2 protein chains.
Amino acid sequence: MDRVKEISKFLVIPRDIVILSHRNPDGDAIGSSTALKLFLEKSGHTARIIFPSDFPDIYSFLPKTDDIIIYDFEKEKVEKIIDKTEVIFFLDFSGLDRIDKIGEFVLSSNALKIHIDHHIDPEPIADHVLWDTKASSTSELVFDFINLLNGAKDIDEEVAIALMTGIITDTGSFKYSTTSKTFLTASKLMEYNIDLNALQNKIYNSLTEKQLRLIGHALDNRMEIIPEYHAGLIYLTKQDYKDFDIQRGDTEGLVNYLLMIKNVKIAALITEQPTIIKISLRSKGDISVQEIARKNFNGGGHKNAAGGHVYAKLESVLKRFKSILPSLY
Amino acid sequence: MDRVKEISKFLVIPRDIVILSHRNPDGDAIGSSTALKLFLEKSGHTARIIFPSDFPDIYSFLPKTDDIIIYDFEKEKVEKIIDKTEVIFFLDFSGLDRIDKIGEFVLSSNALKIHIDHHIDPEPIADHVLWDTKASSTSELVFDFINLLNGAKDIDEEVAIALMTGIITDTGSFKYSTTSKTFLTASKLMEYNIDLNALQNKIYNSLTEKQLRLIGHALDNRMEIIPEYHAGLIYLTKQDYKDFDIQRGDTEGLVNYLLMIKNVKIAALITEQPTIIKISLRSKGDISVQEIARKNFNGGGHKNAAGGHVYAKLESVLKRFKSILPSLY
C-alpha cells in the first residue's frame with residue numbers, strides 16, 4: 001500500500017465513508033465490506049455499504065447486513081450519498097463496469113478513493129491501492145489494511161467472523177487460492193474466538209430441502225459423463241425450473257459436482273432460461289474454459305471458471321458443447 | 001511430551017522402528033504414518049508401517065504407501081517384525097482394541113513405545129505420550145513431535161503433503177475440529193511448496209462416475225426429510241447394492257449430505273447388508289448421536305458422529321429411527 005501514513009492522517013478526524021462492492025455480491029464482497037464498516041465505525045467514522053444489486057440471503061447472519069444499501073432499490077439515495085461522501089472504498093472488483101451505473105457518479109466524485117482487491121488487471125480508478133492477485137480474497141487484504149493502519153486492536157469477534165467468511169467462501173473452505181499467508185491470516189482470526197464449526201454450518205449447510213433434492217435430480221437424471229474426453233455435463237430444462245421452483249442461486253455450485261469425478265477435467269452446467277441458454281463451465285488444471293466461453297458462448301471469466309449464454313435451443317447447445325471436446329486433447 | 005531428550009538420545013543411533021495405526025485406516029492414519037516414516041528414514045532409521053486392515057485406494061498417491069504392511073494379508077510377517085523391533089509408534093488410536101490381534105504381540109514386546117494421538121480417553125499403553133484432544137489430527141501432532149525433536153530441517157514437500165493430507169481429511173478441509181494452531185500448522189506446511197489445489201483434488205475430487213450417480217440416486221429416490229424433528233434419513237436396499245455394485249467405501253460421506261439442509265440437525269444413513277442393517281448417524285450441535293447409537297443400535301462413536309447395527313428388517317429399523325426423534329426435542 002502506498003502512502004499508508006497519508007491515509008492514516010486523513011482518517012484522524014471522523015469521516016463520511018462509502019464502501020462499494022460489485023454486482024451480485026458474494027461472500028467475499030459482503031464479508032470484506034461488513035468487516036471494514038465495523039472497523040471504521042469503531043474508529044468513529046460513518047460508513048455505508050453500497051452494492052449495485054441484492055445479496056444472497058444466506059449471508060444475512062453477518063453483522064450490519066441490514067444497513068446495506070442496494071442501488072437497484074434506492075437509486076436516488078445512493079446518488080446523494082456518493083455526492084457528499086469524503087472517502088470511497090472499492091472492494092473486491094477490478095474495474096468500474098462491475099458496479100454498473102454507480103461507476104458514473106463515482107467518476108465525478110471528489111472523494112478520496114481507496115481500492116482493495118485481488119482480481120487480475122486492476123483499472124487505475126483510485127488514489128490509493130492495496131492489490132495482490134496472490135491473495136485468497138479481498139477479506140485477506142482488508143485484514144492486512146487494518147493492520148497497516150495499526151488497527152488490530154479494533155478487530156473483534158464480529159470483524160473476524162466477517163473476514164473469515166470472505167476467506168472461506170472465496171477459497172471453497174481452503175481448497176484453492178490458498179497460500180501460507182492465507183492460513184496464517186486464518187490462524188490470527190481464530191484468536192478472536194470464532195466458532196468455526198457454527199460459521200461453516202451457516203455458509204455450507206444452509207440449503208433448503210428443495211435445493212438438495214434438485215442436486216439429487218440433476219445427478220440422477222440430468223448428468224452425462226463423456227469419459228473419452230474427461231468431460232461431464234448437467235442440463236436443466238424449463239420444466240425442471242417449474243418442477244423444482246428454481247430461483248436465482250438455487251443452481252449455485254451444481255456444476256462443481258461434476259469435478260468430483262476423478263477423471264473429469266471439464267464440466268458444464270447448461271440451463272434453459274426463458275429466452276436464452278446459460279452455460280457455466282469449470283475445469284481442472286490446464287484447460288482454459290475462459291477461452292471456450294469467449295469463443296463459443298459469448299462469455300468469459302477465469303481460466304478454470306467461466307460462463308456465457310446463447311440464443312439457441314437446449315439440444316443444440318448440448319451438441320455444441322460436446323463438439324468442442326475433441327479439440328481440447 | 002514427556003522426556004523428549006530421552007527419545008532423542010534413543011534415536012541417536014539407527015533403530016528398527018514400527019509405526020502402527022488403526023483398523024480401517026483413514027487419511028489421518030495414513031498421512032501421519034507415512035510422514036513419520038519419511039522423517040525417520042531421513043534420520044537413518046528403518047521404519048515400517050503396519051495397519052490391521054487395508055486402506056482406501058485414494059490415498060495411494062501418498063509416498064511409501066506401497067511399503068505398508070497389512071496384517072490381514074501378512075500375519076506371520078507382522079508377528080516377526082513386531083517381535084524384533086526396537087521402537088513402536090502408536091498413531092491415531094486411543095486403545096489396543098483398535099488394532100485387533102496385533103495388540104497381543106505388542107503387549108509382549110519390549111520395544112520402546114511412543115503414543116501420539118488426539119482421540120479421547122487414551123489407554124496407558126506407551127512409555128512416552130504426546131496427546132492433545134484439541135488437536136485437529138494426529139498429523140498435526142506428528143508435526144509437533146518432529147519439531148520437538150528439532151527435526152524441522154528434515155521436513156520436505158513429501159512429508160508436508162502427508163501431514164497436510166491428515167489435517168485436511170480429519171477436519172473436512174478446515175470445516176470442524178480446527179483451531180488457530182491448526183491453521184498455523186497448515187501455514188507452516190505450505191512453506192514446503194505444497195500444490196494445495198492438486199492435493200485437494202486428489203482427496204475430494206476422486207470419485208468414480210458410479211459413486212457420484214449413487215449420490216444422485218440416494219438424494220433423488222432414497223431420501224426422507226422429517227422437518228418437524230429436524231431430521232433426515234437416506235436408506236439403501238440390497239437391490240441398490242446390486243444395481244450400483246456398491247463396494248466398501250462407496251457410501252462414505254453420503255450421510256453428510258443430509259446435514260447440508262439448514263434445518264436438519266440429525267441425520268441417518270441406513271443400509272441393508274447381507275445379514276444386518278447398518279446405521280450411520282450424524283448431528284449438528286447438541287444432539288448426541290453417540291448416545292442414540294449406544295441405546296438403540298448396539299453401537300457408539302462420538303457426540304456428532306456415531307454408528308451401529310441391528311439384526312432386523314430394513315423397514316423396522318427405519319421405523320425405530322423415526323420413533324426416537326420425538327424424545328430428542
Side-chain angles (χ1 to χ4, degrees), chain A residues 58 168 171-194 196-223 225 227 232 234 256-264 284-285 304, chain B residues 58 168 171-194 196-223 225 227 232 234 256-264 284-285 304:
Chain A
I58 75 149
I168 288 172
T171 62
S173 194
F174 305 95
K175 283 191 176 148
Y176 43 81
S177 315
T178 303
T179 66
S180 177
K181 179 173 160 272
T182 311
F183 280 123
L184 187 61
T185 304
S187 175
K188 286 178 186 163
L189 291 173
M190 286 297 282
E191 287 171 11
Y192 297 95
N193 291 315
I194 296 176
L196 185 69
N197 204 348
L199 178 60
Q200 291 274 12
N201 270 331
K202 282 175 187 157
I203 296 171
Y204 288 108
N205 294 331
S206 289
L207 296 188
T208 60
E209 180 182 341
K210 187 191 74 182
Q211 288 168 324
L212 190 60
R213 289 202 181 278
L214 175 62
I215 293 170
H217 170 66
L219 300 182
D220 197 29
N221 310 311
R222 297 284 181 265
M223 178 170 83
I225 304 297
I234 289 172
N256 294 318
Y257 282 89
L258 293 162
L259 296 182
M260 288 169 61
I261 298 181
K262 187 175 182 178
N263 293 320
V264 167
K284 284 179 199 162
N304 295 125
Chain B
I58 75 150
I168 288 172
T171 62
S173 194
F174 305 95
K175 283 192 175 145
Y176 42 80
S177 315
T178 303
T179 66
S180 179
K181 179 174 162 270
T182 311
F183 280 122
L184 187 62
T185 304
S187 174
K188 286 178 186 163
L189 290 174
M190 287 296 283
E191 288 172 10
Y192 297 95
N193 291 316
I194 296 177
L196 186 69
N197 205 347
L199 178 60
Q200 292 274 12
N201 270 331
K202 281 175 187 156
I203 295 172
Y204 287 109
N205 294 332
S206 289
L207 296 188
T208 60
E209 179 181 342
K210 187 191 74 181
Q211 288 168 325
L212 190 60
R213 291 204 180 276
L214 174 63
I215 293 170
H217 170 65
L219 300 180
D220 197 28
N221 310 312
R222 296 285 181 266
M223 179 170 80
I225 303 297
I234 289 172
N256 295 316
Y257 281 88
L258 293 162
L259 296 181
M260 288 168 62
I261 298 181
K262 188 176 181 177
N263 293 319
V264 167
K284 284 180 197 161
N304 295 125

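Given the structure is predicted, the values throughout are model-derived calculations rather than measurements. Computed over heavy atoms, backbone and side chain alike; hydrogens, waters and symmetry mates excluded. Order of the sequence lines fixes the chain letters, A, B, ..., with proteins taken first and strands second; residue numbering starts at 1 for each chain.
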From [X] [atom1] over to [Y] [atom2], what is the distance, rounded to the nearest 0.5 angstrom?
X	Y	atom1	atom2	result
A:N205	B:K262	CG	NZ	11.5 Å
B:F174	A:L196	CZ	CG	10.0 Å
A:N201	B:M260	CG	CE	11.5 Å
B:L212	A:D220	CG	CG	10.5 Å
B:S177	A:N197	OG	CG	7.5 Å
B:S180	A:L189	OG	CG	9.0 Å

Interchain contact, A:N256 with chain B, by part (heavy-atom threshold 4.5 Å): neither
Between A:T179 and chain B, which part of the residue has a heavy atom less than 4.5 Å away: side chain, backbone, both or neither? backbone
Salt bridge (charged side-chain N to carboxylate O under 4.0 Å, His left out) partners of A:K210, counting only residues at least two apart: A:D250
Using the test salt bridge (charged side-chain N to carboxylate O under 4.0 Å, His left out), find all partners of B:E191 that sit at least two apart in sequence or belong to another chain. none
Of all of B:M223, B:Q211, B:K181, which one pairs up most often with chain A through heavy atoms under 4.5 Å apart? B:M223
Which of A:G285, A:G172, A:S206, A:G216 touches chain B most, by non-hydrogen pairs under 4.5 Å: A:G216
Chain B: which of A:H217, A:K202, A:M190, A:K188 shares the most heavy-atom pairs with it under 4.5 Å? A:M190
Run the side chain to side chain contact (heavy atoms under 4.5 Å, CB included) test on B:L184 and A:L184 for me, step by step, so that the C-alpha distance in whole Å, both residues' side-chain angles and the decisive distance to 0.1 Å come before the verdict. CA-CA 6 Å; B:L184 187 62; A:L184 187 61; 3.5 Å; yes
How about B:Q200 and A:T178: do any of their side-chain heavy atoms sit closer than 4.5 Å? no
Checking heavy atoms, do the side chain of B:K284, its backbone, both or neither come under 4.5 Å from chain A? side chain
Heavy-atom pair with the smallest gap, counting every atom of A:L219 and B:R213: O-NH1, 3.8 Å
